[in-house]
Structures are given as C-alpha cells and as structure tokens.
Amino acid sequence: VQLQASGGGLVQTGGSLRLSCAASGFSLNSYTITWFRQAPGKEREGVLCIRRNDGYKYYAGSVKGRFTISRDNAKGTVSLQMNSLQPEDTAVYSCAAGVFSPILSTWANAAAYDYWGQGTQVTVSS
C-alpha cells in the first residue's frame with residue numbers, strides 16, 4: 001500500500017493549486033482519504049476528508065468554500081483543489097488513508113489513519 005502526494009508549490013495570495021494523492025496497492029473506494037496539513041510551529045490539522053464507499057465529505061471550517069476534494073476510483077487518485085489561497089494556508093500537505101467510516105468528531109483524528117503519503121509543500125506568498 002502506497003500513497004504518493006504531488007502538486008505543491010509556490011503561489012501568490014488568491015491563486016490556486018491542485019494537489020493529487022495517488023494510491024496503489026489497495027482499492028481506493030474502500031478507504032477514507034483525508035488531506036492533512038502542518039504549518040511550522042503548529043499542530044497537524046485535518047483539511048478535507050472523503051469518506052469511503054459513500055463519498056461523504058468533511059471540511060475544516062477554514063477552507064470551506066475555497067477547497068474541494070474529489071476521488072477518481074478508476075485512476076486511483078484523490079485530488080485537492082485549492083482556490084483563493086491565503087498565506088495562512090502555507091503548510092506541508094499530506095494525504096492519509098484509513099479503513100474506517102468517520103463521523104464529524106473523528107474524521108480529523110490522525111491516529112485513525114493507517115497509511116500516509118509523504119508531504120508536499122504549499123507556500124502562499126503575500
């Protein structure tokens with residue numbers, strides 16, 4: 001089982017980036033996939049989650065309306081579209097996969113995830 005995150009980079013405030021998480025070695029639809037981020041000196045936080053099977057989505061309040069998550073089971077990828085980026089979005093973004101069906105209180109619990117991809121740096125300049 002492997003997760004490969006890509007698509008990070010440097011962008012100006014108000015710009016957009018699209019991150020991709022490529023999964024191999026397992027059926028993507030059977031896993032809940034969540035993007036986490038961690039900024040320097042801050043705790044890791046859940047950003048967006050797409051639940052396994054039914055595709056229900058959870059969002060962190062700080063990104064709702066700006067970020068979207070989508071899953072392509074045929075390609076084995078989960079994408080994170082980030083629009084209207086702000087300097088506070090600067091962080092290392094990682095995707096994680098878990099064999100569980102989260103609820104509102106559990107989707108952002110990093111300990112619940114079984115597999116992690118390497119991080120990709122997103123930097124938003126002011």
Side-chain angles (χ1 to χ4, degrees):
V1 174
Q2 283 191 326
L3 296 172
Q4 181 79 29
S6 61
L10 173 65
V11 65
Q12 291 185 334
T13 296
S16 298
L17 278 176
R18 187 176 182 88
L19 305 184
S20 180
C21 179
S24 60
F26 63 95
S27 174
L28 189 63
N29 195 51
S30 299
Y31 282 72
T32 289
I33 305 294
T34 294
W35 284 95
F36 288 84
R37 68 184 181 186
Q38 188 164 22
K42 294 187 177 181
E43 292 188 356
R44 181 166 50 193
E45 65 169 341
V47 179
L48 271 155
C49 169
I50 185 164
R51 192 164 63 190
R52 68 174 182 166
N53 297 326
D54 64 6
Y56 191 84
K57 300 170 186 176
Y58 295 100
Y59 295 79
S62 59
V63 305
K64 195 168 187 178
R66 300 189 298 123
F67 291 11
T68 58
I69 190 171
S70 60
R71 181 175 63 199
D72 188 328
N73 293 325
K75 293 182 179 180
T77 58
V78 174
S79 297
L80 178 64
Q81 178 66 42
M82 305 185 294
N83 299 326
S84 300
L85 283 161
Q86 303 297 314
E88 52 266 34
D89 295 317
T90 294
V92 175
Y93 286 71
S94 302
C95 56
V99 186
F100 74 118
S101 296
I103 57 176
L104 183 60
S105 60
T106 63
W107 72 270
N109 178 11
Y113 292 83
D114 304 292
Y115 305 104
W116 290 79
Q118 89 294 355
T120 185
Q121 176 71 46
V122 172
T123 303
V124 185
S125 63
S126 57

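By convention here, the first residue in the shown sequence is residue 1.
Among all heavy-atom pairs drawn from A91 and A39, the shortest one is CB-N, 3.8 Å. The nearest pair of heavy atoms linking L3 to C21 is CD2-SG, 3.9 Å. Between N109 and F36, the shortest heavy-atom contact is C-CZ, 4.4 Å. Nearest heavy atom pair, residue Y31 against residue R71, reads O-NH1, 4.1 Å. Nearest heavy-atom pair, Q121 versus T90, reported as atom, atom and distance to 0.1 Å: NE2-CG2, 4.0 Å.
For the side-chain contact (heavy atoms from CB on, under 4.5 Å) with L17, the qualifying choice from D89, V11, L10 is V11, the only one to do so. For the side-chain contact (heavy atoms from CB on, under 4.5 Å) with M82, the lone residue among V122, T68, L48, V63 that qualifies is V122.
Classification of the F67-Y93 ring pair by plane angle, with boundaries at 30° and 60°, yields tilted.
Side-chain contact between S70 and R18 is present, with at least one heavy-atom pair separated by less than 4.5 Å. Using a 4.5 Å heavy-atom threshold, the side chains of T32 and W107 count as separate. Side-chain contact between F26 and V99 is absent, with no heavy-atom pair separated by less than 4.5 Å. The closest side-chain heavy-atom distance from T13 to Q86 is below 4.5 Å. Using a 4.5 Å heavy-atom threshold, the side chains of P102 and C49 count as touching. Looking at heavy atoms from C-beta onward, I33 lies in side-chain contact with L28 at the 4.5 angstrom threshold.
Of the N and O atoms on the side chains of N83 and S16, at least one donor lies less than 3.5 Å from an acceptor on the other residue.
Summarising the geometry, atom SG belonging to C95 is positioned 10.0 Å from atom CG belonging to L80; distances are rounded to the nearest 0.5 Å. Rounded to the nearest 0.5 Å, atoms OH (Y56) and CD1 (I103) are 11.5 Å apart. Between the OG1 atom in T123 and the CD atom in Q12 there is a gap of 13.0 Å [rounded to 0.5 Å]. A distance of 12.5 Å separates OG1 in T34 from CD in E45, rounded to the nearest 0.5 Å. If you take OG on S79 and CG on D72, they are separated by 7.5 Å, rounding to the nearest 0.5 Å. The OG atom of S30 lies 8.5 Å from the CG atom of N73; values are rounded to the nearest 0.5 Å.
L19 and V124 fall within the same hydrophobic cluster, where Ile, Leu, Val, Met, Phe, Trp and Tyr residues are linked whenever their side-chain heavy atoms come under 4.5 Å apart, directly or through other members. When the side chains of ILVMFWY residues are joined at heavy-atom separations under 4.5 Å, either directly or via intervening members, L104 and I50 end up in two distinct hydrophobic clusters.
Ring pair Y113/Y115: centre-to-centre distance not below 6.0 Å.
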Set out, in order, the CA-CA distance, both residues' side-chain angles and the distance that settles side chain to side chain contact (heavy atoms under 4.5 Å, CB included) for R37 and S94, then state yes or no.
CA-CA 6 Å; R37 68 184 181 186; S94 302; over 6 Å; no
In sequence, state the C-alpha distance, the side-chain angles, and the governing distance for Q38 and E43, and then conclude on side chain to side chain contact (heavy atoms under 4.5 Å, CB included).
CA-CA 6 Å; Q38 188 164 22; E43 292 188 356; 5.5 Å; no
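Around the CD atom of Q2, the shell of radius 6.0 Å holds no more than 12 heavy atoms that belong to other residues, nucleotides or ligands.
A cation-pi contact, defined as under 6.0 Å to the ring centre and within 45° of the axis, is absent between R44 and W35.
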